[in-house]
Amino acid sequence: MQLSDPLPEKIQNKLDPVLEPNEEIRIALESDMDAEGRFAPSWLIVTDQRVMTLGLNGRGGDLAVPLSELTKVEVEPLVGGSCLEVSTAEDTIPLIRYSQSRSDRFNEAHRGIEQQIENKPFLVKTEFPRVVCEKCGRRLPTRDGLCPACVSKWHMFGRICSYLAEHKVKAGVMVAMFSVLSVAELLPPKITQLIIDDAFATKNMELLFWYVAFLAGLLVLRWLGEMTTGWLSAWLGARVVADIRGQVYRHIEYLSLGFHDKQKTGGLLSRVTYDTRNVRSFLVDGLPFLVLRWLTTIGIIAMLFYTNWVLTLYILIPVPLIIIWGKVLYRRLRVFYTRLWRRWEGFYTHIQESLSGIRIVKAFAQESKEVGRFRRNAWSMFELEYWTEKQWITYFSTMGLLNFLGFVVVWLVGGQQVLGQELTLGELMLFYFYLHMFYGPLRWLGRVNSWMTRAMSAAERIFEIIDTEPEAYEDANARPMPTTRGEIVFDDVTFGYDAALPVLRDIDIHIHPGEMIGLVGKSGAGKSTTVNLICRFYDVDYGAIRLDGVDLRDIRLEDLRGHIGVVMQEPILFNGTIRENIAYGKPEATFEEIMEAARAANAHHFILAKPDGYDTILGEKGTGLSGGEKQRVSIARAILHDPRILILDEATSSVDAQTEKQLQEAIGRLIKGRTTIAIAHRLSTLRDADRLVVLEQGRVVEVGTHEELVARRGHFYHLVRLQRATAEIMEVA
Ligand code: ADP
């Protein structure tokens with residue numbers, strides 16, 4: 001096994017003379033920074049005997065340290081990257097510095113060196129998700145995601161249009177009606193010419209009548225065409241956006257917690273609302289305009305060339321200029337639209353956070369500060385929006401000027417030709433009308449480009465979500481597990497929210513079916529993380545967790561989560577009735593079942609004392625209930641759900657003795673016959689647990705019954721004494 005970037009010849013030549021004949025290269029990675037953080041490639045080489053760094057271009061000090069001398073290897077986070085450091089008995093040596101984009105590989109190198117120091121088998125990952133774009137080298141917003149700079153506008157356009165494919169008939173009728181409409185728009189100037197040149201010149205009344213009748217027919221056709229295409233595009237636009245919106249929202253719900261940890265809620269909210277609205281306005285307003293104008297413009301140019309190609313050439317002179325300018329402006333504004341979106345994201349996030357935390361805002365009398373922040377956000381958006389609009393207005397006005405220049409040319413050059421009898425008066429009028437039809441939309445073409453830019457960058461953000469791998473709910477290879485005994489085994493599990501910084505290390509725990517385990521440890525020791533891993537909210541980095549001997553990653557997620565019930569420290573209740581809240585995990589439950597669960601949770605009496613009983617509506621996050629009441633509702637919910645495995649994140653908040661007793665009884669009934677993992681704070685729980693697992697800095701330091709651990713006088717004993725001392729202080733206070 002080798003973790004290696006392709007070795008350039010220069011490095012190979014440098015290596016060959018220094019390597020011993022039987023020395024094996026295990027890691028060879030290129031970094032992108034030197035010790036001062038400047039861009040300068042250098043190499044980390046790890047063999048089965050030593051670690052080395054080699055610089056290119058003579059820069060960067062080359063060094064080599066035998067593995068046998070190393071005591072420790074660490075990743076030191078720095079600004080804009082990290083540094084891999086090794087320690088010997090005397091010294092700590094900064095080995096190599098690298099940017100964030102290379103951190104995946106260097107984290108593995110870190111593990112690899114660690115394994116070698118500890119004389120463990122050399123096992124490292126050699127495949128990594130893409131973090132930078134291969135084309136432009138920019139950092140990707142999401143791993144294995146799309147590069148916003150390289151993704152083509154047309155690609156996005158095609159992807160939006162692919163949603164139209166589901167509504168083929170309507171889309172087909174719309175395109176056909178557009179063709180009819182463009183013919184109906186193109187013909188009236190030609191008929192005007194014929195009226196002037198044929199009917200007027202020959203003073204033929206009947207001819208005039210037929211031409212006018214034809215014109216009227218065209219007007220009716222145009223009216224019909226405009227209405228049908230309008231209806232169809234409104235329907236298709238709204239429908240496609242409803243489809244996309246549904247898909248994005250569904251996807252957001254199914255994305256892993258790891259994804260949600262990194263996203264701002266406001267950003268997701270604005271993708272579902274603001275971005276989808278932009279795509280819709282493009283589909284309803286922009287796309288029909290674009291199609292119709294292109295069809296008509298092609299028709300006009302053909303007609304003009306056919307009538308008088310010399311005059312046409314004169315008129316077309318400014319066109320390349322307009323197109324180039326439009327393109328340049330579009331490129332510049334694209335960046336600004338992305339910036340504007342970022343501001344929108346911040347804007348939404350701020351509103352969402354400050355309104356959902358309105359209690360805290362009020363408790364700290366921070367209303368004016370929040371209003372000030374809102375104003376600043378709104379102001380910065382005003383500046384950016386004004387700037388982009390200003391650019392467009394300059395563009396439009398100048399387009400208007402060029403348009404006018406076209407008319408000057410028609411009157412001057414065309415007028416001369418009329419006087420020289422090379423052009424008829426009717427043909428001059430034809431040019432005049434077509435010029436109107438040609439330049440008018442051309443002026444607006446920039447605007448469509450702007451709609452398109454907005455819509456495409458919105459689409460980009462939407463597809464970014466849709467393309468992110470969701471949790472594997474529908475993995476066809478996953479094993480169904482309709483029942484479980486509830487045996488959970490942690491087999492050498494290592495996990496970190498960021499792979500470089502493991503939060504849990506080498507965890508081995510065997511939890512027997514029906515056993516109650518208390519997880520104990522200081523705050524930040526990794527208790528909640530252990531529980532998160534059992535629920536498979538995150539996947540382990542190394543090792544495996546098994547339920548009844550099957551790796552969690554191989555079990556159908558729906559089955560796994562169906563077997564687990566969670567009672568949290570701060571129960572999450574939804575805006576709805578108490579009854580709905582209890583039945584959240586089992587919506588089909590009968591009222592009798594709900595009441596029975598509430599009774600078992602000691603909640604029935606307090607619920608009946610509420611004005612509307614079980615139909616009492618709770619506010620957002622369960623406002624209207626006390627802490628103890630919320631907990632009992634959530635216990636009732638877990639009892640009704642009837643899971644085989646129970647996760648209990650105990651309340652630390654002190655409740656009165658009566659409530660405490662009721663809670664204790666309810667929990668006692670709840671855990672009966674289930675495998676329970678309790679994050680234990682209260683001494684009573686610690687005594688009830690069959691075994692306690694003591695965590696410290698992500699490692700299991702002690703396992704045993706309460707009595708055993710107290711007798712051992714180790715970590716647990718120390719923790720209990722600390723807790724007692726705190727309790728005494730609290731009592732005195
Ligand atoms: P405990 O439950 O024992 O208090 P946790 O499991 O919550 O500890 O946390 C263990 C470590 O993991 C802490 O250092 C904490 O900061 C970190 N951590 C917890 N949740 C996240 C998260 N979603 N993203 C990044 N780090 C986290």
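Counting starts at 1 for both ligands and their atoms, following the listed order.
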Check your understanding: Quick one: salt bridge (Lys or Arg N to Asp or Glu O under 4.0 Å) partners of Asp548, sequence neighbours excluded?
Key -> none
Practice item. Enumerate the protein residues lying less than 4.0 Å from ligand 1, judged by heavy-atom distances, in chain and residue-number order. Key: Asp261, Tyr497, Val503, Lys522, Ser523, Gly524, Ala525, Gly526, Lys527, Ser528, Thr529, Tyr538
Can you give each donor-acceptor pair under 3.5 Å made by side-chain atoms of residues 74-84, sequence neighbours left out, with the distance rounded to 0.1 Å?
none

**Study point:** Closest non-hydrogen atom pair, Thr88 against Ile93
**Key:** CG2-CD1, 4.3 Å
Check your understanding: Does one side chain, of Arg343 or Asn377, offer a donor that lies under 3.5 Å from an acceptor on the other?
Key -> no
Revision key, fill the gap. So the salt bridge (charged side-chain N to carboxylate O under 4.0 Å, His left out) pairs with at least one residue in residues 502-513 (sequence neighbours excluded) are Asp506-Arg699
Review point. Tyr348 and Tyr274: aromatic ring centres closer than 6.0 Å?
Key: no
